[in-house]
Amino acid sequence: MNYVADPGFDRDLKTAPSRPGIYLFRDAKQKVLYVGKAVDLRKRVQVYRREGADGRDRLKILLRDAVSAEFRVTDTEQEAILLEARLVKLHLPPLNVLLKDDKSFLYVSLGTEHAFPRLGLARKRGKHGQFFGPYPNAGSARRAKRLLQGAFGLRDCSDHTLANRSRACLKHGMGLCSAPCVKRISTQEYARSVDGAREVLRGKVQERLLLERKHMGAASVRQDYEIALRSRDRMRALEALAEPQKVRLESGRDFDVLGLDERGFFALLQYRDGEWLHTRRGSLPLPETPAAAISQLLVALYPDGTELVPEILVGALPEEAHALEIWLGGRLGQKVHIRAPQRGAKRSLVRMAESNARAQSGAVASAPWPVVEQRISDILHGQRPSIVDCIDISHLQGKERVASKVRFVEGRPARSAYRRYLVGGGVGNDDFEAMREVVARVLARADEEGLPDLLVLDGGRGQLSAGLESLSLSKHDLPIIALAKARKGRGPVAAEERLFLPNHDTPCILEPASPERLFFERLRDEAHRFAIGYHRRKRENLRLVLEEVPGVGPAKRKTLLDAYKGNLQHIRDANPEDLAALPGMNLSLVEIIQTHLKRLLP
């Protein structure tokens, strides 16, 4: 359903000045629904005056609730950016950016004020103790802490617990604590363990490995196998700590990578010293063009300049990128670069950020058809497909085959162009031969029914080869691809939806939740639904025939149809003793059934 803007709201939009500034949309209770900025306010707000806006569902929500608009003019773009950030923070509009997981990085902490320092985790550096990190997430920080406990036996309990225990806790029995609470270790020995943990946290893992190896060798010579075993366990923990735990690029580089998906979900990958340390996720309830959405996100993600970096990689460059760079640079105290890489390693990072955005669960909104069309064109390296057909081959229990062809025009089903094809005899269970026949028949009727811009075959490389063979024997030139359904348990490639393209050795994996994958799945499912509709009606007719026989209920009908693959003639002509051997059947009932069928099917 499309919503037309409220008359008062529409009048306000007409008064928008042709100046840089911000705009606030309010509901009937004067609550701010949305805050936006623009280089030219008049041009920017015209989209909200059109019926249905630009077709996006969230804009419909805005048009439904907004009753007034307010404009605040600024002298420069930078002032508009600053004002937008302040107003969003002040009003918390429900249709502006929603941030999730907005937390600081995790650190491993070592206390310094106790005779037996405590090993712990912290969200930020405190006044007391030492802090090492940051780590990318809670899982990696806890892993490092656990390995340190295994290597050095440092406690992680509170000072109160330490002072009040009368016996060692379970962690001592697991080898994760040296039990200073019950004096199982001296202050001096515990201090040496703390020094060792500190060295490891500073990156000196190899030195500690060499030292533990010497200790293990000396203990073995003395036949002190308990100490040797302890050294061995420490070595294993240290080796695990030495393994790379993060995605690492060039050392010394701090930058962020912002990825945005078609639903308005985003992921900000934060790299510090070349390592991917953290990811911030959230959603943009009012996704505009990618460039405009990224502009809004950059303001929302760095409202007070914290965790700001000299370089931000994005998928599309905002119109006011230069003004944003000046604004962000003023907060950082040095120049900030906003870049939209087109190729190379940086472009791969942006794609990875977009994949992280799509991986978030949430409402799946259909992307506008021009977006889907362009993405399909990019995959196929051809023209944009406005008309897409899909062919599916279906069969009833391996016997009777029917094919369906469905057509979508600009992403919408054109049911008047749907067709069914009964596949000729001699095909048997050969799906490839069936596909070859159906594609040939579709091409033969091209003059009457027209051809699509793209033909999709349900299946894999075999179906594609069969379709291309029929195409080569015709006078037509038509892009044909095959769509293979995801099959779990058959390897990583087969576990995803994939496209088989002509002259390509490997299939193209369709990214989960991507607009093109959602479209192709919908297209294939519609073709399958249309095909099996024929078989359902056929089976329903068979059920009705048997339903007239006294004494044959739903269970017996199913038994008969399953045993003879829906063929009533075979049931009519079967050996009575074979029929009587089926579950729930007997000779007298068989005689009634076959007499009934002989009367209907002479």
Side-chain angles (χ1 to χ4, degrees), residues 369-370 372-395 400-428 430-485 497-504 507-508 510 516 519-535:
W369 175 247
V372 181
E373 189 179 43
Q374 182 59 56
R375 294 176 72 96
I376 294 173
S377 173
D378 292 342
I379 292 173
L380 304 181
H381 302 291
Q383 68 175 14
R384 294 185 177 190
S386 177
I387 302 173
V388 183
D389 285 2
C390 181
I391 295 176
D392 175 70
I393 306 292
S394 181
H395 58 85
E400 189 172 30
R401 289 180 174 266
V402 65
S404 69
K405 184 197 75 172
V406 300
R407 171 167 293 180
F408 278 44
V409 177
E410 295 187 349
R412 297 178 179 275
R415 292 184 173 85
S416 62
Y418 284 17
R419 297 290 183 270
R420 287 196 184 96
Y421 305 88
L422 288 175
V423 180
V427 171
D430 190 341
D431 276 347
F432 306 147
E433 182 58 37
M435 186 64 76
R436 188 178 292 111
E437 176 187 326
V438 173
V439 172
R441 291 167 65 181
V442 168
L443 294 171
R445 294 190 59 82
D447 293 338
E448 294 85 1
E449 299 179 355
L451 289 177
D453 300 320
L454 174 65
L455 179 61
V456 180
L457 309 180
D458 180 33
R461 193 179 303 283
Q463 281 82 359
L464 177 61
S465 298
L468 292 173
E469 183 178 331
S470 293
L471 180 65
S472 67
L473 299 175
S474 75
K475 62 180 181 180
H476 301 289
D477 183 18
L478 171 68
I480 300 180
I481 62 175
L483 174 63
K485 191 176 181 66
E497 299 276 357
R498 55 209 185 280
L499 293 178
F500 287 89
L501 311 179
N503 305 316
H504 284 68
C508 172
L510 294 175
E516 62 274 19
F519 169 72
F520 281 127
E521 287 175 335
R522 181 172 165 232
L523 179 73
R524 191 252 326 279
D525 292 346
E526 178 68 359
H528 186 61
R529 180 200 65 78
F530 191 58
I532 63 176
Y534 168 83
H535 291 309

Pair Val456-Phe408, side chain to side chain contact (heavy atoms under 4.5 Å, CB included): steps then yes or no: CA-CA 11 Å; Val456 180; Phe408 278 44; over 6 Å; no

CG-OG distance between Asp477 and Ser472, expressed to the nearest 0.5 angstrom: 12.0 Å

Nearest heavy atoms of Gly467 and Val439, plus distance in Å: O-CG1, 3.8 Å

Listed once per pair and sorted, the side-chain hydrogen bond (donor to acceptor under 3.5 Å, both in side chains) pairs that draw on residues 378-391, sequence neighbours left out: Gln374-Asp378, Gln374-Arg384, Asp389-Arg407

Considering all heavy atoms, the nearest Leu451-Ala446 contact: CG-CB, 3.5 Å

Derivation and outcome, side chain to side chain contact (heavy atoms under 4.5 Å, CB included), residues Ile379 and Leu510: CA-CA 10 Å; Ile379 292 173; Leu510 294 175; 4.2 Å; yes

Separation of Arg441 CZ from Lys405 NZ (nearest 0.5 Å): 11.5 Å

Stepwise side chain to side chain contact (heavy atoms under 4.5 Å, CB included) check, Leu443 with Leu478: CA-CA 9 Å; Leu443 294 171; Leu478 171 68; 4.2 Å; yes

Donor-acceptor contact below 3.5 Å, side chain Arg420 vs main chain Phe530: yes

Heavy-atom closest contact (Arg461 atom, Pro507 atom, distance): NH2-CD, 4.3 Å

Smallest separation among heavy atoms of Ala531 and Asp392, with atom names: CB-OD2, 3.5 Å

Spacing of Glu521 atom CD and Glu516 atom CD [to the nearest 0.5 Å]: 10.5 Å

Nearest-0.5 Å distance, CD1 of residue Ile480 to CG of residue Leu380: 12.0 Å

Approximate separation, where rounding is to 0.5 Å, of Gln463 CD and Met435 CE: 5.5 Å

Distance, nearest 0.5 Å, that separates CD1 of Ile376 from CZ of Phe520: 4.0 Å

Indicate every side-chain donor-acceptor pair of residues 409-419 with a distance under 3.5 Å to a residue at least two apart or in another chain.
from	atom 1	to	atom 2	distance (Å)
Tyr418	OH	Glu526	OE2	2.8
Arg419	NE	Glu449	OE2	3.0
Arg419	NH1	Ser416	O	3.0

Exercise: identify the closest heavy-atom pair between Asp458 and Leu483: OD1-O, 3.6 Å

Trace of the side chain to side chain contact (heavy atoms under 4.5 Å, CB included) decision for Tyr421 with Val442: CA-CA 9 Å; Tyr421 305 88; Val442 168; 3.5 Å; yes

Which atom of Gly459 lies closest to which atom of Ala482, heavy atoms considered: O-CB, 3.6 Å

